[in-house]
Chemist: 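First the structure, then my questions, so here it is.
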Amino acid sequence: QVQLVESGGGLVQAGDSLRLSCAASGRTFSSYAMGWFRQAPGKERDFVAAIRWIGGGTYYADSVKGRFTISRDFAKNTVYLQMNSLKPEDTAVYYCAVRTRSIYYGQARPHEFDAWGQGTQVTVSS
């Protein structure tokens, strides 16, 4: 199994930037992709971005394209989410997830991922 720990959330103003980190441990060699989702109060958990562990192909939700960048560091078994030009509507708990069952082709539903971190709060004030 893979264990995930997120960090980097916080309270920022609109237009600011934040970088989230997700450190993976355990059977990381079994990872096909890692992704970020977010969940605002009273709403479903939505896809934000994902990256193939091998090859580095990236996928983004339309709402964050051009503002967010996902990247990975093999040596540190860590995935990052650089968030720029933050908006109040980006406020949510952000969760890191890993897909270990099979090759990733851009699936964006939470049930397509196999393990989750505990989440980190991002709050953007207007």
Chemist: Could you tell me if the side chain of Val124 sits less than 4.5 Å from the side chain of Gln13, heavy atoms only?
Modeler: no
Chemist: Return yes if a side-chain donor-acceptor contact under 3.5 Å exists between Asp73 and Thr78, otherwise no.
Modeler: no
Chemist: Would the number of heavy atoms belonging to other residues, nucleotides or ligands and lying under 6.0 Å from CD of Glu44 be above 12?
Modeler: no
Chemist: Going by heavy atoms in the side chains, are Ser125 and Val12 under 4.5 Å from each other?
Modeler: no
Chemist: Can you tell me how far the CD1 atom of Ile70 sits from the CZ atom of Arg52, to the nearest 0.5 Å?
Modeler: 13.0 Å
Chemist: At what distance, to the nearest 0.5 angstrom, does OG of Ser21 lie from CD of Gln82?
Modeler: 9.5 Å
Chemist: How long is the span from the CZ atom in Arg27 to the CD atom in Gln3, to the nearest 0.5 Å?
Modeler: 10.5 Å
Chemist: Does a side-chain heavy-atom distance below 4.5 Å link Leu4 with Val98?
Modeler: yes
Chemist: Measure the shortest side-chain to side-chain distance between Gln118 and Glu6 over non-hydrogen atoms and say whether it is less than 4.5 angstrom.
Modeler: yes
Chemist: State, to 0.1 Å, how close Tyr60 and Ala49 come at their nearest heavy-atom pair, and which atoms those are.
Modeler: CD2-CB, 3.6 Å
Chemist: Does a donor on one side chain sit under 3.5 Å from an acceptor on the other, for Thr123 and Gln121?
Modeler: yes
Chemist: Can you name the closest pair of heavy atoms from Ser31 and Val2 and give their distance?
Modeler: OG-CG2, 4.0 Å
Chemist: Test ring-ring contact (aromatic ring centres under 6.0 Å, His included) on Tyr59 and Tyr105 and set out the steps.
Modeler: CA-CA 9 Å; Tyr59 304 81; Tyr105 293 109; 9.0 Å; no
Chemist: Measure the SG-CH2 distance between Cys96 and Trp36 for me, rounded to the nearest 0.5 Å.
Modeler: 5.0 Å
Chemist: OH/Tyr32 to CD1/Ile103 distance, rounded to the nearest 0.5 angstrom?
Modeler: 6.0 Å
Chemist: Are Thr69 and Leu81 close enough that some pair of their side-chain heavy atoms sits under 4.5 Å apart?
Modeler: no
Chemist: Compare all side-chain heavy atoms of Met83 with those of Ser17 and state whether any distance is below 4.5 angstrom.
Modeler: no
Chemist: Got Thr91 and Leu86 here, is their nearest side-chain heavy-atom distance under 4.5 Å?
Modeler: no
Chemist: Given Pro110, which of Phe47, Phe37, Tyr95 fulfils the side chain to side chain contact (heavy atoms under 4.5 Å, CB included) condition?
Modeler: Phe37
Chemist: Are Tyr104 and Phe113 close enough that their ring centers fall under 6.0 Å?
Modeler: yes
Chemist: Are Lys87 and Asp90 close enough for a salt bridge, meaning some N to O gap below 4.0 Å?
Modeler: no
Chemist: Would a single hydrophobic cluster contain both Met34 and Val5, if residues Ile, Leu, Val, Met, Phe, Trp and Tyr are joined by side-chain heavy-atom contacts under 4.5 Å?
Modeler: no
Chemist: Just say parallel, tilted or perpendicular for the rings of Trp53 and Phe74, cut-offs at 30° and 60°.
Modeler: perpendicular
Chemist: Does the ring of Tyr80 carry Arg19 above it, NZ/CZ under 6.0 angstrom from centre and within 45° of its axis?
Modeler: yes
Chemist: Could you tell me if the side chain of Val48 sits less than 4.5 Å from the side chain of Phe68, heavy atoms only?
Modeler: yes
Chemist: For Pro88 and Ser126, work out which heavy atoms get closest and say how close.
Modeler: CG-CB, 3.8 Å
Chemist: Please test Ser63 against Arg38 for side-chain contact (heavy atoms from CB on, under 4.5 Å), starting from the C-alpha separation and ending with a verdict.
Modeler: CA-CA 12 Å; Ser63 59; Arg38 65 187 181 187; 3.5 Å; yes
Chemist: Between Arg99 (side chain) and Glu112 (backbone), is there a donor-acceptor pair under 3.5 Å?
Modeler: yes
Chemist: Does Arg101 form a salt bridge (Lys or Arg N to Asp or Glu O under 4.0 Å) with Asp114? I'd like the steps, not just the answer.
Modeler: CA-CA 7 Å; Arg101 71 187 73 171; Asp114 303 295; 2.8 Å; yes
